[in-house]
Novice: 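Following this message is one structure expressed as structure tokens.
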Amino acid sequence: MAVPGRSRRAALAALGGAALAAGGFARATGAAGTVRLPFANGERPLVALPGKRPLIMHTSRPPQLETPLAVFDATGAITPNDAFFVRYHLSDIPTAIDPASFRLRVGGHVARPLALSLAALRRDFPVREIVAVNQCSGNSRGFWEPRVGGGQHGHGSMGCARWTGVALKDVLARAGVKDGAVEVSFDGLDAPPAPTVPDYAKALGIDHAMDGEVLLAWGMNGAELPWLNGYPLRLVVPGWFGTYWVKHLAQVTVLDRPFDGYWMAQSYRVPDTPCACVPAGTKPERTRPIGRYAVRSLITSHVPGDRVVPGPVEVRGLAFDSGSGIARVLVSADAGQSWQEALLGADLGRHAFRRWSAVLPLQPGENVLMARAVSNAGETQPFELRWNPSGYMRNVVERVTVVA
Amino acid sequence: MSRLRRPRRLAAAVMLAGAALAGLAGAAPRTYALPEDPELSWPEDPAAELVQVHCAACHSLDYIVRQPPGMPLAFWEANVAKMVRAYGAEISPTEQKAIADYLARIRAGDAAPAAADAAGRQPGGR
């Protein structure tokens with residue numbers, strides 16, 4: 001078909017070049033350059049949407065943005081609001097919200113349904129804060145081997161922020177949870193692009209919902225939520241993958257039977273095995289909903305192919321788990337033949353990023369850097385990828401080859 | 001290119017109406033400007049029109065070009081089938097096959113590029 005604004009020669013050149021290039025994409029959006037994530041078809045434009053610095057853009061409708069790894073290295077354990085990653089499923093995102101007339105509705109299996117304004121949330125319940133990591137279920141999927149479909153993220157679809165809000169538990173107590181409640185579902189203002197597409201909604205077990213850590217949050221790092229991170233209110237589920245952290249939260253429904261919506265019953269499910277994995281390329285017999293993070297560490301100071309000066313080199317990174325906190329990070333510069341303890345940075349809480357650093361002797365030639373975290377609960381990272389068909393829960397020890 | 005108008009949520013309209021009323025008292029809704037879809041060049045093929053009409057109805061087409069290179073035909077067939085089965089996309093079986101065949105061909109990616117003939121087709125018709 002004729003493509004507006006492009007010559008036939010350009011179209012033929014694109015075909016001859018095999019892959020559809022992101023270069024034309026970059027020019028069309030006025031992007032701030034491109035990055036090349038270190039996997040095949042890893043070129044992405046850097047795009048600054050309102051409220052955000054230039055971030056790695058995976059898709060535009062809905063917008064999905066990833067934080068460049070260098071940002072984590074520069075900014076420490078707290079990810080700035082304008083750098084925080086963005087993930088949506090549905091393209092009908094709210095584009096106009098009146099904070100004065102916005103209401104969070106709480107209903108279902110409760111004694112007293114509520115319609116709470118933002119002012120009422122701030123005024124009528126104890127304000128709570130927690131520093132917690134939000135990681136996308138498919139963070140790092142681009143590194144999967146063999147590759148799988150879905151969002152082809154690098155390592156940057158994660159972030160750590162200080163979330164401010166009220167405990168879901170306190171709001172549910174005000175509504176009066178009735179006997180027989182088993183789950184709570186959460187629905188935001190974003191909507192499907194067509195009536196046949198399932199609305200994005202998630203659910204938690206009632207005990208989890210009432211644990212005091214799950215928050216209804218309006219604040220992020222001392223400011224209001226950026227629009228793309230869920231303005232004016234989102235769910236915060238410390239230690240659980242970001243799929244549960246429903247944005248533009250508007251409806252909380254207590255249920256007396258399990259929630260069977262698509263995005264719980266059909267999507268975001270992992271193999272029902274201890275490792276949440278199956279042999280590469282195979283399918284699981286049974287699945288369960290994704291849940292808690294697996295302990296993870298990442299190197300933020302170097303990317304594959306970096307050139308460094310031989311000798312002592314500071315290698316830096318971060319680590320986190322699902323809420324016991326990080327006990328140790330071990331680092332190697334020789335592909336795991338020898339290890340040394342990293343120095344851990346400030347402890348911002350058991351749900352936060354924990355920074356680490358180590359000075360490693362780099363030899364002339366190739367050096368394979370590895371980092372392996374151990375949590376306070378004794379969980380550690382595997383050396384082999386725990387493969388599943390959806391590319392979820394990556395926590396293998398990463399290898400970063402640098403050349404000295 | 002034609003693109004189906006994205007449906008707007010009733011709640012958003014109600015919210016804007018409420019905001020208009022609130023506007024009488026001085027409050028204003030907060031708004032956000034979403035980006036335009038990127039301009040991508042699609043190798044010429046009758047199936048390219050199907051991609052524009054069916055796929056772009058729900059999401060930007062960068063979803064497609066971001067996928068790993070060299071995925072087999074079965075991958076593309078399964079993904080198109082999922083759009084129909086799980087998301088209710090109205091794509092006939094003939095159209096599904098044409099779209100999957102086309103995407104598998106143009107997203108072969110890192111394979112050594114074959115010379116295109118004068119009409120822009122790959123040798124072997126794949």
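The figures here come from the full heavy-atom set of this structure, side chains too, leaving out hydrogens, waters and symmetry mates. Letters A, B, ... mirror the listed sequences (proteins, then strands); counts begin at 1. These figures come from a predicted structure and were not determined experimentally.
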Novice: Looking only at heavy atoms, what is the nearest atom pair of Met71(B) and Arg147(A), with distance?
Specialist: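 Nearest heavy atoms, Met71(B) then Arg147(A): CE-O, 3.7 Å.
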
Novice: Could you have a look at Ala47(B), Gly88(B), Pro68(B) and say which one has the most heavy-atom pairs with chain A under 4.5 angstrom?
Specialist: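 Counting heavy-atom pairs under 4.5 Å, the top option is Pro68(B).
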
Novice: With rounding to the nearest 0.5 angstrom, report the CG to OG1 distance, Asp37(B) to Thr59(A).
Specialist: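 Going from CG on Asp37(B) over to OG1 on Thr59(A), the span is 9.5 Å.
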
Novice: Provide the closest heavy-atom pair for Ala86(B) versus Pro198(A) in the form atom of the first, atom of the second, distance.
Specialist: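 Answer, listing the atom of Ala86(B) first, then Pro198(A): O-CD, 3.6 Å.
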
Novice: Which residue pairs satisfy the salt bridge (Lys or Arg N to Asp or Glu O under 4.0 Å) criterion with at least one member in residues 113-122 of chain A, sequence neighbours excluded?
Specialist: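 For residues 113-122 of chain A: none.
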
Novice: Can you name the closest pair of heavy atoms from Gln67(B) and Gly150(A) and give their distance?
Specialist: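 Looking at all heavy atoms of both residues, the shortest contact is OE1-N, 3.0 Å.
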
Novice: Kindly give the heavy-atom pair with the smallest separation between Arg66(B) and Glu43(A), and that separation in Å.
Specialist: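 Looking at all heavy atoms of both residues, the closest pair is NH1-O, 4.0 Å.
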
Novice: Compare all side-chain heavy atoms of Pro99(A) with those of Arg30(B) and state whether any distance is below 4.5 angstrom.
Specialist: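 They are in contact (side-chain heavy atoms under 4.5 Å apart), so the answer is yes.
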
Novice: Is Pro63(A) close to chain B through its backbone or its side chain, or both, or neither, when contacts mean heavy atoms under 4.5 Å?
Specialist: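 Contact with chain B: side chain only.
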
Novice: Heavy-atom pairs under 4.5 Å with chain B: which of Gly42(A), Ser267(A), Pro62(A) has the most?
Specialist: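 The option with the most such pairs is Pro62(A).
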
Novice: Look up atom CG in Asp92(A) and atom CG in Leu34(B), then write down how far apart they are to the nearest 0.5 Å.
Specialist: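 Interatomic distance, Asp92(A) CG to Leu34(B) CG, rounded to 0.5 Å: 9.5 Å.
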
Novice: Can you run down the side-chain hydrogen bond (donor to acceptor under 3.5 Å, both in side chains) pairs that involve residues 79-89 of chain B, sequence neighbours left out, and say none if there aren't any?
Specialist: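 Passing the test, one end in residues 79-89 of chain B: Tyr262(A)-Tyr87(B).
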
Novice: Would the distance check show the side chain of Asp62(B) and the main-chain N or O of Arg61(A) forming a donor-acceptor pair, the cut-off being under 3.5 Å?
Specialist: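 No, because the side chain of Asp62(B) does not come within donor-acceptor range (under 3.5 Å) of the backbone of Arg61(A).
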
Novice: Restricting to non-hydrogen atoms, name the atom on Ser60(A) and the atom on Pro35(B) that form the minimum distance, rounded to 0.1 Å.
Specialist: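 Closest pair (atom of Ser60(A), atom of Pro35(B), distance): O-CG, 3.8 Å.
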
Novice: For Tyr231(A), is it the side chain, the backbone, both, or neither that has a heavy atom closer than 4.5 Å to a heavy atom of chain B?
Specialist: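 Contact with chain B: side chain only.
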
Novice: Counting only heavy atoms closer than 4.5 Å, note whether Gln64(A) contacts chain B via side chain, backbone, both or neither.
Specialist: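 Just the side chain, heavy atoms under 4.5 Å.
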
Novice: Can you name the closest pair of heavy atoms from Tyr63(B) and His89(A) and give their distance?
Specialist: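 Looks like OH-O, 4.3 Å.
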
